[in-house]
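A short write-up of the structure that comes next.
Proteins get letters first, then strands, A, B, ... in listed order; numbering begins at 1 in each. Computed from a predicted model, the values in this text were never measured in an experiment.
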There are 2 protein chains.
Amino acid sequence: MVDIRRPIPVSEAIGRLMAHVPAPRVETAALADSFGRVLAEPVVARGDVPPFHRAAYDGYAIRSEDTESADERNRASFRVVGRIAAGETRDRELGPGEAVRIMTGAPLPPGADAVVMLEQAVRDADGRSFAVRKAFRAWENVSLRGEDVREGETVVEPGSVIHPGVVALLATFGYAHVRVAKRPVVGVIATGSELVGVDEPLAPGKIRDSNGPMIMAQLARIGIPSRSYGIMRDDPDRCFELVRRALSETDCVITTGGASVGDFDWLPAICERLGAKVLFNKVAMRPGSVTTAAVADGKLLFGLSGNPSACYVGFEIFARPALLRMAGSRKPYPAYARAELAEDYPKANPFTRFVRAVYRHDGHRPVVAPAGFDKSNAVGSLARSNALMALPGGTRGFGKGTEVDVLLPGAEDGEA
Amino acid sequence: MVDIRRPIPVSEAIGRLMAHVPAPRVETAALADSFGRVLAEPVVARGDVPPFHRAAYDGYAIRSEDTESADERNRASFRVVGRIAAGETRDRELGPGEAVRIMTGAPLPPGADAVVMLEQAVRDADGRSFAVRKAFRAWENVSLRGEDVREGETVVEPGSVIHPGVVALLATFGYAHVRVAKRPVVGVIATGSELVGVDEPLAPGKIRDSNGPMIMAQLARIGIPSRSYGIMRDDPDRCFELVRRALSETDCVITTGGASVGDFDWLPAICERLGAKVLFNKVAMRPGSVTTAAVADGKLLFGLSGNPSACYVGFEIFARPALLRMAGSRKPYPAYARAELAEDYPKANPFTRFVRAVYRHDGHRPVVAPAGFDKSNAVGSLARSNALMALPGGTRGFGKGTEVDVLLPGAEDGEA
């Protein structure tokens with residue numbers, strides 16, 4: 001089946017796709033398993049933070065009025081009448097000239113409205129009394145009840161990823177369980193009679209499947225579970241059966257290879273037999289122009305190129321945002337930056353180009369350079385890159401020093 | 001035990017710490033489990049990529065010399081004498097005027113040195129012959145053997161994180177297993193008599209432990225496995241026993257709380273009883289100045305603050321790079337950026353300040369703003385932030401529009 005396909009712009013393809021993403025389903029996660037999940041409920045403050053006026057430092061709880069006229073020469077003296085450790089409380093009201101030894105985080109006793117830090121106290125030898133050499137303001141060295149978060153306040157919106165700071169907040173408010181979006185499970189099928197598995201011997205004309213493992217790593221990077229359906233030879237009937245089975249067992253299917261226009265490109269026929277609605281099958285981009293997206297029985301089916309670089313880009317530009325949206329995210333697109341091109345990129349192309357690139361901050365500004373050999377079948381540059389330059393289509397190349405758009409699909413790399 | 005500690009600069013503290021990080025140990029990971037691990041061996045090309053001259057497009061393999069004088073009027077004609085699907089080979093040498101139907105990725109037959117794309121061929125009705133209207137260069141539409149990667153080349157260095165592109169490369173070269181650095185297992189102990197667990201009821205003076213779950217999420221974010229040792233009351237002997245047990249069962253121990261200078265701050269005493277070498281116990285930074293790092297029996301012991309923001313920052317600045325270095329990484333520090341301050345930050349501080357912040361790209365440039373209330377005990381701003389501004393110590397604040405350093409410990413957020 002050979003047909004001429006009309007390419008559509010990247011943004012139009014994304015628009016068609018995102019309009020067909022199934023709504024997220026919701027489940028409950030234990031707090032300990034919630035990192036990286038997407039909130040399906042707001043995090044609402046179930047109490048004030050701090051929950052009581054608490055000592056910000058180790059020291060002595062006092063009544064600030066008792067220090068009103070204190071200075072270096074007229075010290076104000078206090079008797080230590082008790083002690084409150086963190087986790088303890090004290091009900092007895094503080095009287096004039098009385099102080100209570102208090103630990104960081106402990107609740108102030110009734111009547112107290114300031115804390116003298118240990119190093120601010122001139123202590124007597126017996127530890128039962130001390131003096132201060134300055135006036136204390138009301139609530140000095142005290143964390144006020146509710147100053148951080150007020151009961152009833154919505155602190156984090158649904159659709160946000162649960163990062164470590166959100167985990168801390170959930171723990172604070174006693175969310176032992178939290179409602180999160182369900183993560184879609186993705187079936188991955190690599191197709192092509194030329195492919196052998198990673199542990200199989202090579203034969204003439206054969207290459208090892210790199211797209212299957214790569215796609216599963218791209219899914220793992222965004223926290224999406226996957227199931228491998230292995231390598232499929234170019235056999236239309238068996239391909240059809242495998243895709244149908246994978247669609248019935250998972251929430252979304254990604255195939256690699258078989259998406260072009262050769263004699264053994266079987267995806268159009270499969271879509272037809274499935275009764276799938278094809279959203280697009282050619283996009284005005286390089287690499288990855290032969291990416292297909294379709295909807296079958298309400299489930300998304302992606303046909304990515306068999307060329308590794310094209311496959312990688314097709315995933316990041318299309319499958320990633322669709323899957324993260326299914327997983328509940330309000331921010332499903334790769335992180336964006338702008339950076340200075342560190343070398344000339346003379347190749348002009350009428351299509352939008354996503355160049356595998358190395359992005360780094362040189363201490364003054366972000367810079368980006370192509371990761372090397374960048375044909376659609378390249379795998380070496382994929383391994384060396386940490387970013388994609390997004391270069392608009394046109395009739396001219398891009399000169400060194402030009403500021404260009406950069407997509408940052410992963411953040412495995414830190415700084416040296 | 002109350003002592004006055006002398007603060008050291010952040011960089012000096014990091015230097016002392018990194019000098020005491022145990023060398024990474026090595027283990028073998030299956031390719032399917034290798035994503036996110038750190039390479040303990042170089043990825044060396046075990047063959048050329050592509051492994052043979054291959055068709056870059058679907059079309060016809062020909063001898064370019066047969067098209068030497070072809071143009072619109074003098075078309076060169078070819079007889080189709082066979083066909084090579086991907087994964088197949090053909091041994092028979094191509095003769096003059098002969099062509100072979102070839103699929104993308106298939107090896108060129110002997111004698112062929114160019115591919116006519118389907119849309120470049122004027123085909124006869126029977127499909128057995130076609131003509132071309134232009135001269136083809138040698139190797140036109142062909143991916144040359146080794147043009148991407150040459151056999152024997154080191155493509156990725158040890159110490160690199162295995163991201164999806166590296167997975168693709170490993171698969172290409174048949175690395176069914178790969179040598180990776182072992183990840184340290186970290187024991188986490190939250191201390192403080194004021195703490196209760198996330199599913200326990202609150203009582204007066206009590207708060208829920210947020211640091212334990214937060215630290216475990218911070219560890220999960222960098223791919224480091226952890227084991228919770230629960231919540232420990234302020235009891236020096238039992239604390240000592242628990243830390244000793246955790247050190248014997250894990251590769252590194254992180255405690256939260258008990259690191260300050262109050263009556264119930266037990267970490268200095270524990271370090272002494274363990275015979276641990278204290279690397280630092282006070283750092284010239286806010287928050288997190290009371291962070292402790294020590295080495296006991298060759299294992300790292302971190303004492304982080306009990307205040308959530310201070311605990312968070314202490315982890316990212318110290319524990320994170322040490323653990324990632326233990327896990328083999330050459331780039332263990334949080335990703336770095338510079339951004340324009342979106343609002344005034346008037347608070348001056350003699351110490352380096354790490355402010356929980358919201359970092360984003362506004363389409364023109366990266367901007368950053370404080371995430372709100374930023375005392376060391378704050379948890380609300382932790383939940384709202386995705387970055388840390390690193391502001392140098394000094395006597396003045398920072399005005400809106402100033403360019404400041406930003407650390408990006410996580411990349412959970414994409415773009416909306």
Side-chain angles (χ1 to χ4, degrees), chain A residues 31 35 49 58 85-89 103-105 107 143 148-149 155-156 161 163-169 171-172 174 176 192-194 198-199 204-206 208 210 213-214 217-218 220 260 262 308 330-336 361 373 377-380 382-383 410-416, chain B residues 31 35 49 58 86-89 103-105 107 143 148-149 155-156 161 163-169 171-172 174 176 192-194 198-199 204-206 208 210 213-214 217-218 220 260 262 264 308 330-336 361 373 377-380 382-383 410-416:
Chain A
L31 179 66
F35 169 73
V49 181
D58 282 310
E88 295 179 354
T89 56
M103 274 18 107
T104 308
S143 296
D148 185 3
V149 182
V155 189
V156 188
V161 176
H163 63 57
V166 177
V167 169
L169 195 74
T172 298
S193 297
E194 77 277 25
V198 67
D199 44 7
K206 305 283 185 185
R208 289 203 183 82
S210 58
M214 179 180 72
Q218 286 175 286
S260 190
R330 289 180 309 170
K331 296 181 171 178
Y333 299 100
Y336 170 84
H361 203 288
F373 185 75
N377 64 325
V379 68
L382 268 184
E412 292 84 11
D413 261 10
E415 302 288 332
Chain B
L31 179 66
F35 169 72
V49 181
D58 283 312
E88 293 178 358
T89 55
M103 277 15 111
T104 309
S143 295
D148 186 2
V149 182
V155 188
V156 188
V161 176
H163 62 58
V166 177
V167 170
L169 195 74
T172 298
S193 296
E194 76 278 25
V198 66
D199 45 7
K206 305 284 186 184
R208 289 203 183 82
S210 58
M214 179 180 73
Q218 286 175 287
S260 188
F264 298 124
R330 289 180 309 171
K331 295 181 172 180
Y333 299 100
Y336 170 85
H361 202 286
F373 184 76
N377 64 324
V379 68
L382 268 184
E412 293 84 10
D413 262 10
E415 302 288 331

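For B/S193, the parts sitting under 4.5 Å from any heavy atom of chain A are the backbone and the side chain alike. Proximity to chain B (any heavy atom under 4.5 Å) is shown, for A/T172, by both the backbone and the side chain. Using a 4.5 Å cut-off between heavy atoms, B/V149 contacts chain A through its side chain alone, with no backbone atom that close.
Summarising the geometry, atom CD belonging to A/E415 is positioned 8.5 Å from atom NE2 belonging to A/H361; distances are rounded to the nearest 0.5 Å.
Note: B/V379 leads B/T89, B/V167, B/V379 in heavy-atom pairs under 4.5 Å with chain A. Per-residue counts of heavy-atom pairs under 4.5 Å with chain A were compared for B/P107, B/P204, B/A168; the largest is that of B/A168. For chain A, the option among B/A220, B/A176, B/G87 with the highest count of heavy-atom pairs below 4.5 Å is B/G87. Listed options A/L169, A/V49, A/V156, A/D199 were ranked by heavy-atom pairs under 4.5 angstrom with chain B; first place goes to A/L169. With respect to chain B, the highest number of heavy-atom pairs below 4.5 Å among A/S143, A/P308, A/P332, A/G380 belongs to A/G380. In terms of heavy-atom pairs under 4.5 Å with chain A, the best-connected choice from B/A383, B/G165, B/A171 is B/A383.
A/T104 places a side-chain N or O within 3.5 Å of a backbone atom of A/D58 that can act as its donor or acceptor partner. No donor-acceptor pair under 3.5 Å is formed between the side chain of B/H163 and the backbone N or O of A/G410.
Legend: residues meeting side-chain contact (heavy atoms from CB on, under 4.5 Å) with A/P334, ordered by chain and number and at least two apart, are A/R320, A/L407. For A/S210, the side-chain hydrogen bond (donor to acceptor under 3.5 Å, both in side chains) criterion is met by no residue, not counting sequence neighbours.
For the pair B/L382 and B/M214, the minimum side-chain heavy-atom distance is below 4.5 Å.
B/A86 and A/E194 make their closest contact through CB-OE1, 3.4 Å (heavy atoms, listed as atom of the first residue, atom of the second, distance).
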